[in-house]
2 protein chains.
Amino acid sequence: MENGTGSLEDDRKALSVTGIRATNQRAIVLEVISRGQGHLDADEIYRRARMNQPHISLSTVYRTLQAFKKLGLIDELHFDEAHHYYEIKPAFEHQHLICLGCGKIVEFECPLSQKMKKDVARENDFEVTSVEVRMTGYCPQCRQDRT
Amino acid sequence: MENGTGSLEDDRKALSVTGIRATNQRAIVLEVISRGQGHLDADEIYRRARMNQPHISLSTVYRTLQAFKKLGLIDELHFDEAHHYYEIKPAFEHQHLICLGCGKIVEFECPLSQKMKKDVARENDFEVTSVEVRMTGYCPQCRQDRT
DNA sequence: TTACAAATGAGAAGCATTAGCAATAAGGAA
DNA sequence: TTCCTTATTGCTAATGCTTCTCATTTGTAA
């Protein structure tokens, strides 16, 4: 959990490039999300951030998340009804497959989604800015447990 | 708004077939969703239901929605962060395209999503139970207004 | 018609998220 | 460096959607 300061500096630099103030809180939130293997919700980010910065507030986490989202640094995902999840904007477009049994999330690439996007844009005369594909089902383990 | 009782009877019948009790409240909620051109949120359903049944409670609407979802009568959609939207389970699978400008929702059929589903299921050894494709962008009007 | 479980209404409670505001800290200017 | 301005923070209260509780009512099968 503590390789910390070095890459926090990198996070600060990344932030100042974007034009917003590079605060410790923001650096830590960015760091947490980067290390977080994607798919952390606000509360989990808060909990992890507090390990480095015990006084960070939940409001700040939420505000930071909004800011990052607006800057395009992160993506906000809507997996279930209750929470949002955040991940660093991925280098390659990918989609999500969610196990209804254990909640495991699998990312997959989806070349078809690009074609789909073009088709839909043309047919509806839309400018399409994002495509989110979300499949749910049961992973091998959970399928076994169910029988 | 008042062709009412006749098709409410149909709704009651549809409900008893499913095994749950056919109450007025449930019949009206089902009726409202059927007429609702898809994409109503709980509060809108509540407001419309009250026109027929002024004392229906919001709790009942939510409970009914859950029940219908479990029965597979309706689909619950996650368009934005704040609400869920409900639509009668469509006869043909379709997906949604949402205008970020005016909120308009366009449904489109998507043959590719079936192929996608099979591909993903095979590659990840998942049993895939649902595919939700959600595109966002700008419709012709809003695109014009933005310039 | 009766009996019993299921469903309802009304309001309180629960959660994630947002807003308000005084205190603090970042970043540029002197 | 020091100062100034203003964005940002922390705390707390508020909001809004959704769920829960429980006394009362209603549907259904006998």
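Lettering follows sequence order; numbering is per chain, from 1.
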Nearest whole angstrom, please: distance from the P of dA29(D) to the CD1 of Ile20(B). 13 Å
Determine whether Leu65(A) and Val29(A) make a side-chain contact, defined as any pair of heavy atoms from C-beta on separated by less than 4.5 Å. yes
With the threshold set at 4.0 Å, does a side-chain nitrogen-carboxylate oxygen contact exist between Asp75(A) and Lys69(A)? no
Looking at five pairs on each end of the helix from dT1(C)-dA30(D) to dA30(C)-dT1(D), what is the angle between the two axes, given to 10 degrees? 30°
Check the phosphate of dA7(C) against Arg26(B), side-chain N and O only, distance under 4.0 Å to OP1 or OP2. Yes or no? yes
Please enumerate all residues that pass salt bridge (charged side-chain N to carboxylate O under 4.0 Å, His left out) together with Glu44(B), with sequence neighbours excluded. Arg47(B), Arg48(B)
Hey, which sits more toward the 5' end of DNA chain D by its nearest nucleotide, Ile56(A) or Asn24(B)? Ile56(A)
Take atom CG of Asp11(A) and atom C1' of dA26(C), then tell me their distance rounded to the nearest Å. 17 Å
Counting heavy atoms not belonging to Lys70(A), are there more than 12 under 6.0 Å from its NZ? no
Side-chain atoms of Arg21(A) come closest, of dA25(C), dT18(C), dT17(C), to dA25(C)
Would you indicate whether the side-chain heavy atoms of Glu31(B) and Ser7(B) approach each other to under 4.5 Å? yes
Which of dT9(D), dC11(D), dT8(D) is nearest the side chain of Thr60(A)? It is dT9(D)
Gln25(B) side chain near dG9(C) phosphate (N/O to OP1/OP2, under 4.0 Å): yes
Options dA25(C), dT18(C), dC21(C), nucleotide nearest the side-chain atoms of Arg63(A): dC21(C)
With no angle test and no hydrogens, is the base of dA19(C) tied to the side chain of Ser59(A) by a donor-acceptor pair under 3.5 Å? yes
Distance test, side-chain N/O of Ser57(B) to OP1/OP2 of dT8(C), below 4.0 Å: no
Salt bridge present between Glu9(B) and Lys13(B) (N-O < 4.0 angstrom): no
What is the distance, to the nearest angstrom, from the OH atom on Tyr46(A) to the P atom on dG10(D)? 9 Å
Whole Å only: how far is the OH atom of Tyr85(B) from the C1' atom of dC17(D)? 12 Å
Taken to the nearest whole Å, NE2/His55(A) to P/dT24(C) is 13 Å
How many whole angstroms separate atom CG of Leu65(A) from atom P of dA19(C)? 15 Å
Could you walk me through whether Asp11(B) and Arg26(B) pass the salt bridge (charged side-chain N to carboxylate O under 4.0 Å, His left out) test, one step at a time? CA-CA 8 Å; Asp11(B) 291 319; Arg26(B) 286 175 175 163; over 6 Å; no
Between dT17(C) and His84(A), is there an OP1 or OP2 to side-chain N/O distance shorter than 4.0 Å? yes
Is there a side-chain polar atom (N or O) of Thr23(B) under 4.0 Å from OP1 or OP2 of dT8(C)? yes
The criterion is side-chain hydrogen bond (donor to acceptor under 3.5 Å, both in side chains); which residues satisfy it with Lys118(B), sequence neighbours excluded? none
Taking only the side-chain nitrogens and oxygens of Tyr62(B), find out if one of them lies under 4.0 Å from OP1 or OP2 of dT19(D). no
note: Leu58(B), atom CG; dG16(D), atom P; distance rounded to Å ~ 14 Å
Using whole Å, what does the distance between atom P of nucleotide dA25(C) and atom CZ of Arg12(A) come to? 13 Å
